[in-house]
Amino acid sequence: MNAPNTDCPLCRRGPLRVLDAHAARCDACDLLVNLDTAPLDYAEGGGQAVPDAGKMRWRRENARGRFRLLEPWLAGVEVFVDIGCGSGEMLDVAAARFARVVGFDTNRPLIAHIRAAGRAVAIEGHFDAATLPPEATGKRTLFAASHVIEHLEQPLALVRQIAAAMKSGDLLYLEVPLFTGASFRKLGYRWSLWNREHLMLFSPQALAYVADHSGLATLAQGTRIFARGSHSTKTRLKLLARRPLDFVRTAFSKGRHSFADVMIADYGYLVLRKP
Ligand SMILES: [Zn+2]
């Protein structure tokens, strides 16, 4: 266990309130800080290996789900830049729709895997706007960082770095794991997303703090889920049986989301635009 930082890694106000041996909470921005973490080298795979075909199919379906949420704002977008692109499923889906598709990741085996597929430009390393290929600059761009900032000691620093690289009208999609979702509420520290790679988990309030301090305008904030099977009829019936009132309320308000997106709500997302 690391000694708890006195300052919150998100809002820098402190001190954090230690809950137990595993976690500390920030009462100012509502972040849950992981005290179980250890330094990790992402270059040779870190938390992620090249996935098998079944996993990739499922991740592509998840990527399509993200673009469905983004649909209302995508008119005129020509370039997609995925920061922390992992095994590249967002890039795969984006390649069919945007003129230029670029991914950044520090994970060497995954970058090699994306380059071999040949659908996107894959840049090995941290995000750096100066390394974007010239044909991917000067056009309306959607940036994404999905399941990235919870890995960082200073999550807001990357968001601000991306914001600084954005032009007026460019979009940023952020997605993070939440400690307020059904899985963490049920499993606590046994949840697979409570692991040493994740330095923190967010709540909708903590995610709103990110939006409010990004320098960008918030177009949307919501919750979603992509565990395999979470959008199935079986899951839907289970949610109806267990939480009938919530289910009915969700039916009227869910919009483009599935019942599981709203009622399980393990991940939070933001859609931001540069004014
Ligand atoms: Zn805080």
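In this text, all values refer to a predicted model and were calculated from it rather than measured experimentally. Indexing begins at 1, ligand by ligand and atom by atom, following the structure's order.
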>> Restricting to under 2.8 Å, identify the protein N, O or S atoms around the Zn ion (ligand 1) as residue plus atom.
In response: C8 SG, C11 SG, C26 SG, C29 SG

>> Tell me if the aromatic rings of F80 and F67 count as close, with their centers under 6.0 Å from one another.
In response: yes

> Between I149 and P155, what is the shortest heavy-atom contact and its length?
Replying inline: O-CB, 3.6 Å

>> Can you classify the ring geometry of Y269 versus H257 as parallel (below 30°), tilted (30 to 60°) or perpendicular (above 60°)?
In response: parallel

>> Going by side chain to side chain donor-acceptor pair (under 3.5 Å), name the residues that satisfy it together with E150, two or more places apart in sequence or in a different chain.
In response: none

>> Would you say Y189 and D36 are linked by a side-chain donor-acceptor pair, where the criterion is simply a distance under 3.5 Å?
In response: no

> Quick one: do D170 and K167 make a salt bridge, cutoff under 4.0 Å?
Replying inline: yes

